[in-house]
Amino acid sequence: MLQLAAAACTAVRSQLDDSPRPGRVVGRGRDAAYIQSATGVLALLTERAVRVPCALVLGPARPLPGSLRPGAEVRVGAGGLRWRDGRH
């Protein structure tokens, strides 16, 4: 499972602190991927993306992983987002 360091808004803390649960990528652009889980939507953003309250922001110059495509399965909780990227 892939895991990257990101800064999270306090608005998403409860979603990240809960037990892991399934989620799915429902949208993606060049600088943002949106993940739907049972507790809401999270956005994984690059530093260039417009910040939204439900965001986790990757570090400087870090691109979105190519494996986060619409339909990709993600685990939300236990402190972060995790997914298989085909290499790990």
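Keep in mind that what you see is a predicted model, and the values were worked out from it rather than measured. Just so it is clear, the values below take in all heavy atoms, side chains as well, and ignore hydrogens, waters and symmetry mates.
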Just do the side-chain contact (heavy atoms from CB on, under 4.5 Å) check on Val25 and Leu44 with the steps written out, would you?
CA-CA 10 Å; Val25 177; Leu44 181 63; over 6 Å; no
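- With sequence neighbours excluded, the residues that form a side-chain contact (heavy atoms from CB on, under 4.5 Å) with Glu73 are Arg24.
- Here the closest heavy-atom approach between residue Ala78 and residue Pro20 is recorded as CB-CG, 3.6 Å.
- Between Ala43 and Val52, the shortest heavy-atom contact is CB-CG2, 3.9 Å.
- Arg28 places no side-chain N or O within 3.5 Å of a backbone atom of Val26 that could act as its donor or acceptor partner.
- One N or O on the side chain of Glu47 and one on the backbone of Ala61 form a donor-acceptor pair closer than 3.5 Å.
- Under a hydrophobic-cluster definition in which Ile, Leu, Val, Met, Phe, Trp and Tyr are linked whenever side-chain heavy atoms come within less than 4.5 Å, directly or via other members, Trp83 and Leu45 are assigned to different clusters.
- Not counting sequence neighbours, the partners of Arg48 by the side-chain hydrogen bond (donor to acceptor under 3.5 Å, both in side chains) test are Asp31.
- Taking CG of Leu58 as the reference point, atom CG of Leu64 lies at 6.0 Å (rounded to 0.5 Å).
- In plain terms, the two heavy atoms of Ala11 and Pro53 that are nearest each other are CB-O, 3.6 Å.
- In this structure, Arg82 contributes its side chain and Gly77 its backbone to a donor-acceptor pair below 3.5 Å.
- Between the side chain of Arg21 and the backbone N or O of Gln15, at least one donor-acceptor pair lies under 3.5 Å.
- Taking all atoms of both residues into account, the shortest heavy-atom contact from Arg51 to Val57 is NE-CG2, 3.4 Å.
- Nearest heavy-atom pair across Val12 and Leu42 is CG1-CD2, 3.4 Å.
- Heavy atoms only, all atoms of each residue included: Ser67 and Ala72 are closest at O-CB, 3.6 Å.
- Using a 4.5 Å cut-off on side-chain heavy atoms (C-beta onward), Leu16 and Leu56 make contact.
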